[in-house]
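The structure under discussion appears below in the form of structure tokens.
Here is how names work: the chains are called A, B, and so on, in the same order as the sequence lines, proteins then strands, and each is numbered from 1.
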Number of protein chains: 2
Amino acid sequence: MSVQSSHGHTHAKGPQSLRLTKGAKKVLEVLERTEELSSAQDIHVALRSEEESPPGLTTVYRSLESLVQFGLVQAVDFGDGERRYEMVKPGEHHHHLVCEKCRDSVHLDQCLVQQLEESIQAKYKFEVRGHILEIFGLCENCQNAMAATGKK
Amino acid sequence: MSVQSSHGHTHAKGPQSLRLTKGAKKVLEVLERTEELSSAQDIHVALRSEEESPPGLTTVYRSLESLVQFGLVQAVDFGDGERRYEMVKPGEHHHHLVCEKCRDSVHLDQCLVQQLEESIQAKYKFEVRGHILEIFGLCENCQNAMAATGKK
DNA sequence: TGGCAAATGAAAACCGTTTTCACTACTGAA
DNA sequence: TTCAGTAGTGAAAACGGTTTTCATTTGCCA
Ligand SMILES: [Mn+2]
Ligand SMILES: [Mn+2]
Ligand SMILES: [Zn+2]
Ligand SMILES: [Zn+2]
């Protein structure tokens, strides 16, 4: 990994070089060890409880913005008003199966949309640049739990 | 169409019967003749400019909520903070190709996700109940316009 | 070490949406 | 027809995540 501190070093890849600021570094640390998706506020809370002098919420937002732009982090939209973030393999992205009951999510290994880009291009003459895709439902556990107790 | 006034009539289909209120009727009228997606505020503005005594914004929101629940209207999420709405064939839904330049959108005729539900079920034991999917990029016109003038 | 641009954070602004609550219009029973 | 209970409505306030503002701090560099 060639991401470095703000002391002059920049990441080699990406559309534009990233200067990893102090705040962004801490944000990334939180995401690095977090399995689930985290909102900006989640991250802020986490930092507050473990850093002697935690970055402010504003800095968390700014850090996320640059990390996303840089391709190290992806923003995920569940359609509730709160964006969530998670680390991704640099430049990659993926989607989720989100359980509406327990809120746990399965990280899908392949993107359904990417493999359709050419056909969309061909059929609609539309140049695909991005997309959002998240699938909601019930995970196996919650299906069973539901079957055990009352329905619905 | 069996949707009727609130004077005792209800829609035959749908998970629950809808009593179409005065406000909801006006909202539906706007959506009926609108090709593009409309936000709640768009609808409110439209009504203000044409109704003698237009429903308040609150009523527009409430109407949309029941129309969506009823399956006559779908809510579309572009990931900017503003939900948009459009009429759909009762109980159906679809997704879009949204041009980032001119904001025009192509209404897709088939849902990529629905046809994958069984395989998701099988592979992940996940019961799909809903999803969001929107594709962003450049429509043919804007691609050409861009090619003509400077890039990007 | 002084100068400057970048980074930071507290507070305020933003903005779509939801809630509250008082009022009005309707419905259905008497 | 009356009237009371119920559903609908809307103005205003609250909400909540995010962005902006702007004054202050940090730290790189000459
Ligand atoms: Mn993920
Ligand atoms: Mn559409
Ligand atoms: Zn994808
Ligand atoms: Zn679909």
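Per the geometry, CG belonging to A:Leu64 stands 15 Å off C1' belonging to C:dT8, to the nearest Å. Rounded to whole Å, atom P of C:dC14 lies 15 Å from atom CD of B:Gln41. Atom P of nucleotide C:dG16 and atom CG of B:Asp80 are separated by 9 Å, given to the nearest angstrom. Between A:Lys25 atom NZ and D:dG27 atom P there is a gap of 11 Å when expressed in whole angstrom units. One can place NZ of A:Lys26 at 9 Å from P of C:dT8, the figure rounded to the nearest angstrom. As a whole-Å value, the separation of B:Asp42 CG from C:dG16 P is 10 Å. In this entry the distance linking CD1 of A:Ile43 with P of D:dG17 reads 14 Å, nearest Å.
No option in A:Ser38, A:Pro55, A:Ser63 other than A:Ser38 meets the side-chain contact (heavy atoms from CB on, under 4.5 Å) test with A:Ile43.
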Expected list for residues 102-116 of chain B: side-chain donor-acceptor pairs under 3.5 angstrom, two or more places apart:
unit_1	atom_1	unit_2	atom_2	d
B:His107	ND1	B:Glu86	OE1	3.2
B:His107	ND1	B:His94	NE2	3.3
B:His107	ND1	B:His96	NE2	3.3
B:Asp109	OD1	A:Tyr124	OH	3.0

Set out, in order, the CA-CA distance, both residues' side-chain angles and the distance that settles salt bridge (charged side-chain N to carboxylate O under 4.0 Å, His left out) for B:Glu117 and B:Lys123, then state yes or no. CA-CA 10 Å; B:Glu117 287 193 12; B:Lys123 183 167 182 183; over 6 Å; no
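For A:Ala40, counting side-chain heavy atoms from C-beta on, the closest listed nucleotide (D:dT18, C:dG9, D:dG10) is D:dT18.
The two residues A:Leu138 and A:Cys99 make their nearest non-hydrogen contact at CA-SG, 4.0 Å.
In the hydrophobic clustering of this structure, B:Leu72 groups with B:Leu64; members are Ile, Leu, Val, Met, Phe, Trp, Tyr whose side-chain heavy atoms approach within less than 4.5 Å, directly or through other members. In the hydrophobic clustering of ILVMFWY residues, with side-chain heavy atoms under 4.5 Å counting as a link, A:Leu97 and A:Leu133 come out together.
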Would you tabulate the nitrogen or oxygen pairs shorter than 3.5 Å linking the protein to nucleotides 19-24 of chain D?
none

Can you check nucleotides 23-25 of chain C for protein contacts, nitrogen or oxygen pairs under 3.5 Å, and list what you find?
none

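When only modelled atom types and interatomic distance are considered, B:His131 and B:His95 share a side-chain donor-acceptor pair under 3.5 Å.
Dashed line: the shortest gap from a side-chain N or O of A:Thr21 to OP1 or OP2 of C:dT8 is under 4.0 Å.
For B:Glu65, there are no salt bridge (charged side-chain N to carboxylate O under 4.0 Å, His left out) partners, not counting sequence neighbours. Annotation: side-chain contact (heavy atoms from CB on, under 4.5 Å) contacts of A:Gln121 (sequence neighbours excluded): A:Glu127, B:Gln143.
Listed in residue order, the members of residues 44-56 of chain A having a heavy atom less than 4.0 Å from DNA chain C are A:Pro54, A:Pro55, A:Gly56.
Counting non-hydrogen atoms of other residues, nucleotides and ligands closer than 6.0 Å to CD of A:Glu35 gives a total of 12 or fewer.
A salt bridge is absent between A:Glu29 and A:Lys22: the closest approach of a Lys/Arg side-chain nitrogen to an acidic carboxylate oxygen does not fall below 4.0 angstrom.
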